[in-house]
Amino acid sequence: KALFLDRTAADLKARALLMKAPILARLDPLDVEAIDAFCKRTGIDSETRITVILPSGQVVGDSYEDPERMDPHLDRPEVLDAFQGGSGVSVRTSRTLGNKLIYVALPISLGGSTAAVIRASIPISIVDEAIRTVQMRVALAGLAIALLAGILSAGVARGIAHPLSQLKDWAESVARGRVHSRPPPTRSKEIAGLSDAMSRMASELQDRVETVLRQRNEMEAVLTSMVEGVVAVDREGRILRMNPAASGIFGCAATKVEGRSIHEAIRNTEFQNFVFKTLSGESPVEGEIAVSSEGGRVLYAHGTLLRDPKGSLLGALLVVNDVTQLRRLEGIRREFVANVSHEIRTPLTAIKAAVETLEQGSARDNEGRGRFLGIVSKHVDRLEAIIEDLLRLSSIEQDEEERKIRLVAERLRPRLETAIEVCNTLAEQKGIRVELQCPEELAANINAPLLEQAVVNLLDNAVKYSEGGGTVHVRAAVQGGEIVVDVRDQGPGITKEHLPRLFERFYRVDKARSRKLGGTGLGLAIVKHVVQAHGGRMKVKSAPGEGSTFSIHLPLP
């Protein structure tokens with residue numbers, strides 16, 4: 001707009017310059033009527049308002065108004081500038097016409113002084129209209145250019161976007177797993193080059209992904225299949241990975257503890273210290289860890305540092321084995337060896353002493369020799385019984401492991417009656433009555449000789465430990481989906497702390513009384529293994545002064 005105003009002002013100045021000479025001719029002498037008539041005629045023809053102002057401010061000519069009715073114009077800014085020797089330009093509202101105009105005033109010199117000022121003006125609305133016309137033309141031209149550019153751009157964009165859209169769809173299909181598809185063909189060399197590059201990239205990426213997945217699955221399968229617990233921690237002791245075996249050992253869910261510190265996840269001070277000892281050292285660390293809060297469990301841990309291919313420390317890897325059962329078996333083995341040694345040493349010592357006495361001739365009469373020979377015979381019988389029970393127990397265990405024990409569906413009552421008959425002699429000597437309760441039709445899958453041996457061992461103990469004149473009850477029935485054979489005596493009972501170990505080899509509640517009654521200490525161990533060979537289990541219920549009940553639980557046929 002400023003440019004248009006400047007051009008309009010220059011145009012008005014040119015018009016005023018063209019009118020200076022005719023007006024100057026009418027100033028000397030001054031002809032007011034001729035000046036006014038010239039202004040009106042010329043202003044109408046040029047569509048320009050022409051005004052002539054004398055130095056006094058009097059208007060002597062105007063294109064549209066009667067000069068006599070017009071106010072003095074000496075205070076108009078463009079007029080003041082013109083009388084000062086220059087040209088004046090102003091944009092303002094006309095006091096005479098009441099609308100906004102652009103004015104240009106030029107001085108008219110006569111005899112070396114300014115005789116008058118000629119002023120040319122037009123309404124600013126004409127300028128605004130011209131500007132709007134230009135703007136409209138520019139806008140229409142711009143719109144036409146934009147429309148044409150849009151059409152051309154749309155065509156070009158479509159030519160580019162369509163193959164790119166196809167390439168995008170192909171990339172999404174690759175992301176969904178269709179890695180063997182090919183990108184769509186295109187006529188654009190650039191996009192075709194991009195398609196080939198992306199196709200090669202997808203193929204290489206798929207190969208790498210398949211390699212990583214295969215390695216991860218192999219590692220996952222190895223960790224999941226391991227019976228050893230595996231725990232990986234970072235340098236700060238936060239858990240990176242834990243396999244199912246470790247979750248079972250420490251009693252925590254692997255998904256919930258990963259990312260947490262070892263102190264939060266595994267509340268065992270010894271294991272925590274073991275982890276940080278591994279992290280702070282350079283060589284592998286190993287040792288046993290006691291978990292006293294869980295029934296005396298024992299863990300064997302091996303720790304080593306984890307490093308990346310560049311040798312930077314990543315953390316530590318802990319491999320944990322639950323050796324509780326192993327340690328328990330080692331203890332049982334040591335105790336078994338000690339018990340076997342003790343059980344055999346006692347009769348051997350007695351035999352050796354008796355033989356030495358006989359060799360030295362201390363027993364001179366037949367009665368003395370007979371007494372010592374009786375001692376030898378008694379302890380030889382005891383040794384023979386121990387060896388026979390050991391061999392029998394070993395045979396049962398071996399047959400059980402090799403699954404050589406043959407089970408046949410038979411009625412239980414005849415086998416229980418046979419076992420009772422075997423023990424009747426001892427029972428009658430003590431005045432003990434054995435009562436049997438067993439349905440005639442009750443049957444189970446059994447090995448008759450072995451089951452009879454187990455029941456005989458239980459009855460033998462029941463009779464031996466019961467007081468004379470009592471009753472031993474033998475009962476067989478179906479209970480809770482199992483066949484249960486109970487042997488209940490009226491003996492002294494067994495305290496609670498002895499119950500878990502009753503079926504161990506050579507374990508005795510009252511050692512002195514057991515040897516006095518002639519037991520080898522292997523009877524209940526034999527019963528346990530016979531029942532296990534039948535796919536069953538043993539239970540015992542006893543309390544001091546209430547007698548004992550030994551129960552054989554067998555599966556239904």
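What's counted below: heavy atoms across the whole structure, side chains too, no hydrogens, waters or symmetry copies.
- T269 contributes atom OG1, which lies 11.0 Å from atom CD1 of I289 (distance to the nearest 0.5 angstrom).
- V320 has its side chain within reach of F250: a pair of non-hydrogen atoms, C-beta onward, lies under 4.5 Å apart.
- Between the side chain of S466 and the backbone N or O of V463, no donor-acceptor pair lies under 3.5 Å.
- Here the side chains of L313 and L306 are not in contact, with every heavy-atom distance at 4.5 Å or above.
- Between R307 and E282 there is a salt bridge, with a side-chain nitrogen of the basic residue lying less than 4.0 Å from a carboxylate oxygen of the acidic one.
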Open item on the list: Applying side chain to side chain contact (heavy atoms under 4.5 Å, CB included) to N461 and F550, what does each step give before you reach the verdict?
Closed with: CA-CA 10 Å; N461 284 345; F550 287 83; over 6 Å; no

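- Between L451 and H534 the shortest side-chain heavy-atom distance falls below 4.5 Å.
- A donor-acceptor pair under 3.5 Å is formed between the side chain of N243 and the backbone N or O of V230.
- For S542 (side chain) and G547 (main-chain N/O), a donor-acceptor pair under 3.5 Å exists by modelled atom type.
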Task: side chain to side chain contact (heavy atoms under 4.5 Å, CB included) between V455 and L416, intermediate numbers included - done: CA-CA 7 Å; V455 177; L416 297 178; 3.9 Å; yes

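- At least one donor-acceptor pair under 3.5 Å links the side chain of R413 to the backbone N or O of C438.
- Between K541 and S548 the shortest side-chain heavy-atom distance does not fall below 4.5 Å.
- For H263 and F276, the ring centers sit closer than 6.0 Å to each other.
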Task: Worked verdict on I266 versus M242 for side chain to side chain contact (heavy atoms under 4.5 Å, CB included) - done: CA-CA 11 Å; I266 301 174; M242 176 183 288; 4.0 Å; yes

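- Once rounded to the nearest 0.5 Å, the distance linking CG of D486 with CD of Q437 reads 10.0 Å.
- Between the CG atom in L458 and the CG atom in D489 there is a gap of 10.0 Å [rounded to 0.5 Å].
- Considering all non-hydrogen atoms of both residues, L407 and A533 come closest at CD1-O, 4.2 Å.
- Without hydrogens or angle criteria, Q490 side chain to T471 main chain gives a donor-acceptor distance under 3.5 Å.
- Using a 4.0 Å cut-off between charged nitrogen and carboxylate oxygen, R537 and E482 count as a salt-bridge pair.
- Contact detail for G468 and I432: the closest heavy-atom pair is CA-CG1, 4.3 Å.
- Scanning both residues, I249 and D322, for their nearest heavy atoms gives CD1-N, 4.4 Å.
- Between V323 and L299, the shortest heavy-atom distance links the atoms CG2-C, 4.2 Å.
- Among all heavy-atom pairs drawn from R415 and A448, the shortest one is NE-CB, 3.4 Å.
- In this structure, the side chains of I420 and L436 come closer than 4.5 Å at one or more pairs of heavy atoms.
- Defined by atom type and a distance below 3.5 Å, a donor-acceptor pair is present between the side-chain atoms of E264 and S261.
- Residues R411 and E441 are not paired through a salt bridge, judged by the lack of any N-O separation under 4.0 Å between the basic side chain and the carboxylate.
- Here the straight-line distance linking atom CD of E435 with atom CZ of R488 works out to 9.0 Å at 0.5 Å rounding.
- Without hydrogens or angle criteria, H473 side chain to V487 main chain gives no donor-acceptor distance under 3.5 Å.
- Judged by distance alone, the side chain of N445 and the main-chain N or O of P557 form no donor-acceptor pair under 3.5 Å.
- In this structure a side-chain-to-backbone donor-acceptor pair under 3.5 Å is missing from D460 to V456.
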Task: Worked verdict on E210 versus R214 for salt bridge (Lys or Arg N to Asp or Glu O under 4.0 Å) - done: CA-CA 6 Å; E210 288 178 353; R214 184 176 65 256; 5.9 Å; no

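- In this structure, CG in N447 is found 8.5 Å from CD in E410, a value given to the nearest 0.5 Å.
- Between the side chain of K430 and the main chain of K464, a donor-acceptor pair closer than 3.5 Å is present.
- Counting only heavy atoms from C-beta outward, the side chains of I552 and M538 approach each other to under 4.5 Å.
- For the side-chain contact (heavy atoms from CB on, under 4.5 Å) with I239, the lone residue among L318, I262, V275, D234 that qualifies is I262.
- No donor-acceptor pair closer than 3.5 Å links the side chain of S312 to the backbone N or O of D308.
- Under a cut-off of 6.0 angstrom, the local environment of CZ in R260 is crowded, with over 12 non-hydrogen atoms contributed by other residues, nucleotides or ligands.
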Open item on the list: Go through it in stages, so that I can follow the logic: the residues are Q453 and V530, the test is side chain to side chain contact (heavy atoms under 4.5 Å, CB included), and I'd like the CA-CA distance, side-chain angles, deciding distance and then a yes or no.
Closed with: CA-CA 8 Å; Q453 179 65 52; V530 167; 5.5 Å; no

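- Remark: F274 CZ to H302 NE2 distance equals 7.5 Å, nearest 0.5 Å.
- Across V484 and S551, no two heavy atoms sit closer than the pair CG1-CB, 4.2 Å.
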